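Read through the structure below, which is laid out as structure tokens, and then see the notes.
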Amino acid sequence: MEIYVPGAGGARPLVPVSPAALEAKAARAMKPEAAAYIIGGAGTEATIAANRAAFDRHRLAPRVLRDVSRRDLSVELFGRRHSAPILLAPIGVLELVHPQADLAVARAAAAEGIGMVFSNQASVAMETCATAMENKPRWFQLYWSSDDAFVRSLLGRAEKSGCEAIVVTLDTTLLGWRPRDLDLGYLPFLRGLGLAQYLSDPVFRSQIPADPPATATQVRGFQIVSTALTLRRKGREFGLTMNRMRAAVAHFVATYSRPDLTWSDIARLRGMTKLPIVLKGIRHAEDARMAKDHGVDGIVVSNHGGRQVDGEGATLDALPRVVEAAEGITVLLDSGIRSGSDVAKALALGARAVLLGRPYVYGLAIAGEAGAREVIRNMIAEFDLTLALSGLTSAADLNPGCLAEKP
Ligand code: FNR
């Protein structure tokens with residue numbers, strides 16, 4: 001009714017309601033390199049297609065003549081009640097699509113009462129976003145740097161910022177093969193974007209050489225070049241000179257990833273934080289079992305929205321076996337969620353909640369905070385309707401019996 005009633009007077013929604021139209025409008029609103037980075041995926045993008053195909057293959061089997069006049073969408077995650085089984089996925093470099101970036105998203109999430117996972121590659125420091133969210137739920141996503149002192153510093157900051165879980169992303173110890181970005185020769189981090197958690201960190205800052213050389217810097221075969229406008233703006237924001245900013249990017253490139261990360265590091269992480277630990281990027285049942293054996297609190301079945309391994313299977317197809325192997329620890333799912341109906345299918349197959357990725361970025365690109373907010377609102381409204389029209393009154397009632405037999 002929030003749409004139809006104003007619609008009778010000629011008003012139209014701020015962002016397209018249909019997922020395809022939303023993506024198309026956002027693509028037009030973004031610069032080409034931003035659209036490539038946000039929308040694109042690994043290789044032939046077969047995994048992006050597979051994620052969607054799995055949602056399309058699974059069908060709901062609604063029941064009728066049940067009293068659905070009152071519904072409860074809430075779910076409990078790590079001792080905290082969330083008003084809907086949807087959190088915003090960690091998405092880096094949001095300054096590519098809107099100047100207010102993560103801050104606009106944090107405000108949108110808080111206004112709609114859902115949780116947000118702060119990205120390690122954010123464009124706004126976690127403390128600023130946390131303040132904007134007041135007491136609403138937020139988690140921190142970690143990319144495990146090769147520098148443990150920096151990792152400890154991030155964990156401490158996340159705890160102080162009121163984050164309620166640490167999400168360790170495991171599918172991106174190396175950056176995937178992404179033709180759209182490769183064709184443009186474009187990687188935002190090399191231009192100083194998406195580095196707010198680093199530049200606001202005392203440990204990271206203390207490691208940037210105080211007086212770096214003025215020439216372009218070579219690290220791991222990358223040449224760090226200055227893109228004057230952006231770096232100058234960011235340089236001022238974080239109180240760094242151009243030279244020091246260039247050195248900061250070089251230090252980031254040298255330390256951002258740890259391809260040698262193993263299960264023993266996850267065991268070590270237990271001693272580094274009191275917060276629940278969630279492993280993001282689990283797709284194999286055996287890894288789910290190992291996660292459980294290592295005492296983690298949750299996992300996110302994710303293939304990074306099809307951005308890492310081209311040709312791997314859909315997360316929704318992996319979900320049932322992962323849930324079985326994870327035996328009782330909290331399982332979330334992302335990659336390809338585009339509608340409230342998708343949320344219902346993921347929950348029916350055993351996910352406790354989902355992470356919403358690209359769609360909220362599309363809302364942000366089109367209409368800033370209000371656009372992100374409308375995307376979230378639409379997603380929750382459609383999930384609520386799907387539940388009711390399936391004859392259910394609670395998100396917790398979704399189970400495999402709510403799905404049709406596969407053809
Ligand atoms: C991501 N994702 C991601 N994940 C993460 O753990 N840290 C990050 O910084 C990012 N950054 C990021 C940037 C962009 C542009 C995209 C599209 C994705 C992955 C993200 O958290 C999530 O797993 C996917 O976006 C889910 O897939 P959908 O919903 O986008 O299909």
Side-chain angles (χ1 to χ4, degrees), residues 19-20 22-23 26-27 30-31 33-42 45 47-55 86-98 101-102 105 115-124 126 129 139-145 154 165-173 175-176 178 180-181 186-189 193-198 252 256-257 278-283 299-309 312 314-316 332-339 342-343 346 351 353-365 375-376 379:
L22 177 68
E23 180 172 302
M30 292 187 257
K31 291 195 183 122
E33 65 271 22
Y37 187 75
I38 305 286
I39 297 170
E45 300 185 350
T47 299
I48 292 184
N51 286 335
R52 282 306 316 153
F55 281 106
I86 301 168
L87 289 91
L88 300 187
I91 295 212
V93 215
L94 291 175
E95 70 210 273
L96 276 179
V97 308
H98 195 275
D102 310 75
V105 173
M116 173 173 175
V117 186
F118 298 154
S119 167
N120 199 126
Q121 299 307 131
S123 303
V124 179
M126 65 177 106
C129 292
W139 298 353
F140 175 69
Q141 174 263 320
L142 176 77
Y143 280 134
W144 201 313
S145 149
L154 286 173
I166 299 297
V167 179
V168 191
T169 297
L170 301 174
D171 53 25
T172 314
T173 51
L175 197 66
R178 302 179 186 165
R180 295 199 208 203
D181 300 335
Y186 184 74
L187 187 60
F189 315 109
L193 308 181
L195 300 184
Q197 311 292 20
Y198 299 79
F252 159 75
Y256 81 96
S257 93
V278 179
L279 302 184
K280 178 170 181 276
I282 300 283
R283 297 87 116 190
I299 59 183
V300 184
V301 182
S302 171
N303 56 32
H304 216 95
R307 296 164 70 77
Q308 287 296 99
V309 181
E312 73 166 283
T315 52
L316 194 69
L332 289 85
L333 175 134
D334 76 19
S335 301
I337 298 273
R338 296 293 177 269
S339 70
D342 295 339
V343 178
V354 302
L355 302 185
L356 180 66
R358 293 181 184 86
Y360 81 79
V361 185
Y362 297 155
L364 179 71
V375 168
I376 297 166
M379 193 69 54

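Atoms within a ligand are numbered from 1 in the order they appear, just like the ligands themselves. Treat the numbers as computed from the prediction; the structure is a model and nothing was measured. Positions are given from 1, in the same order as the sequence printed here.
Atom 11 (N) of ligand 1 has Gly92 N, 3.1 Å as its closest protein atom, hydrogens excluded (heavy atom only). Looking only at protein heavy atoms, the nearest one to atom 9 (O) of ligand 1 is Ser119 OG, 2.7 Å. At the top of the distance list for atom 22 (C) of ligand 1, counting protein heavy atoms only, stands Asp334 OD2, 3.3 Å. If you check which protein heavy atom lies closest to atom 6 (O) of ligand 1, you get Thr169 OG1, 2.6 Å. What sits closest to atom 13 (C) of ligand 1 on the protein, heavy atoms only, is Ile91 CG2, 3.5 Å. Looking from atom 5 (C) of ligand 1 to the surrounding protein, the closest heavy atom is Tyr143 OH, 3.3 Å. Shortest contact from atom 21 (O) of ligand 1 to any protein heavy atom: Pro90 O, 2.7 Å. Closest to atom 24 (C) of ligand 1 among all protein heavy atoms lies Gly305 N, 3.8 Å.
Residue contact check for ligand 1: Leu355 places no non-hydrogen atom closer than 4.0 Å to it. Contact analysis puts Ile38 in contact with ligand 1, with a non-hydrogen atom separation below 4.0 angstrom.
For the residue pair Met379 and Ile86, the shortest heavy atom distance occurs at CG-CD1, 3.8 Å. Across all their heavy atoms, Leu175 and Tyr256 have their closest contact at N-OH, 4.5 Å. Asp102 and Val124 get closest at one heavy-atom pair: OD1-N, 3.2 Å. Contact between Ser335 and Thr315 at its shortest, heavy atoms only, is O-OG1, 3.6 Å. Closest of all the heavy-atom pairs between Arg338 and Pro359 is NH1-CD, 3.5 Å.
Side-chain polar atoms of Ser302 and Asp334 form a donor-acceptor pair below 3.5 angstrom.
A salt bridge links Glu45 to Arg180: at least one charged side-chain nitrogen sits closer than 4.0 Å to a carboxylate oxygen.
Inclusion of Pro359 in the set of residues having an N or O under 3.5 Å from an N or O of ligand 1 is not warranted. The shortest N or O to N or O distance between Tyr37 and ligand 1 is not below 3.5 Å.
Asn51 places no side-chain N or O within donor-acceptor distance of the main-chain N or O of Ile48, the cut-off being under 3.5 Å. Side chain of Gln197 to main chain of Met126: a donor-acceptor pair is present (N/O by atom type, distance under 3.5 Å, no hydrogens or angles). A donor-acceptor pair under 3.5 Å is formed between the side chain of Gln308 and the backbone N or O of Asp171.
In summary, the atoms of ligand 1 found under 4.0 Å from a heavy atom of Lys280, numbered by their order in the structure, are 4 (N), 5 (C), 6 (O), 19 (C), 20 (C), 21 (O), 22 (C), 23 (O). Contact atoms of ligand 1 toward Arg338: 28 (P), 29 (O), 30 (O), 31 (O) (distance under 4.0 Å to a heavy atom of the residue). Those atoms of ligand 1 that come under 4.0 Å of a heavy atom in Arg358, given as number and element, are 17 (C), 28 (P), 29 (O), 30 (O), 31 (O). Of all atoms in ligand 1, listed by their number and element, those nearer than 4.0 Å to a heavy atom of Ser302 are 23 (O). Residue-ligand proximity, Gly336 to ligand 1, at heavy-atom distances under 4.0 Å covers atoms 27 (O), 28 (P), 29 (O), 31 (O).
Between Tyr37 and Phe189, the angle of the ring planes goes over 60°, which puts this pair in the perpendicular group of the 30/60° scheme.
The part of Gln141 lying near ligand 1 is the side chain, judged by heavy-atom distances below 4.0 Å.
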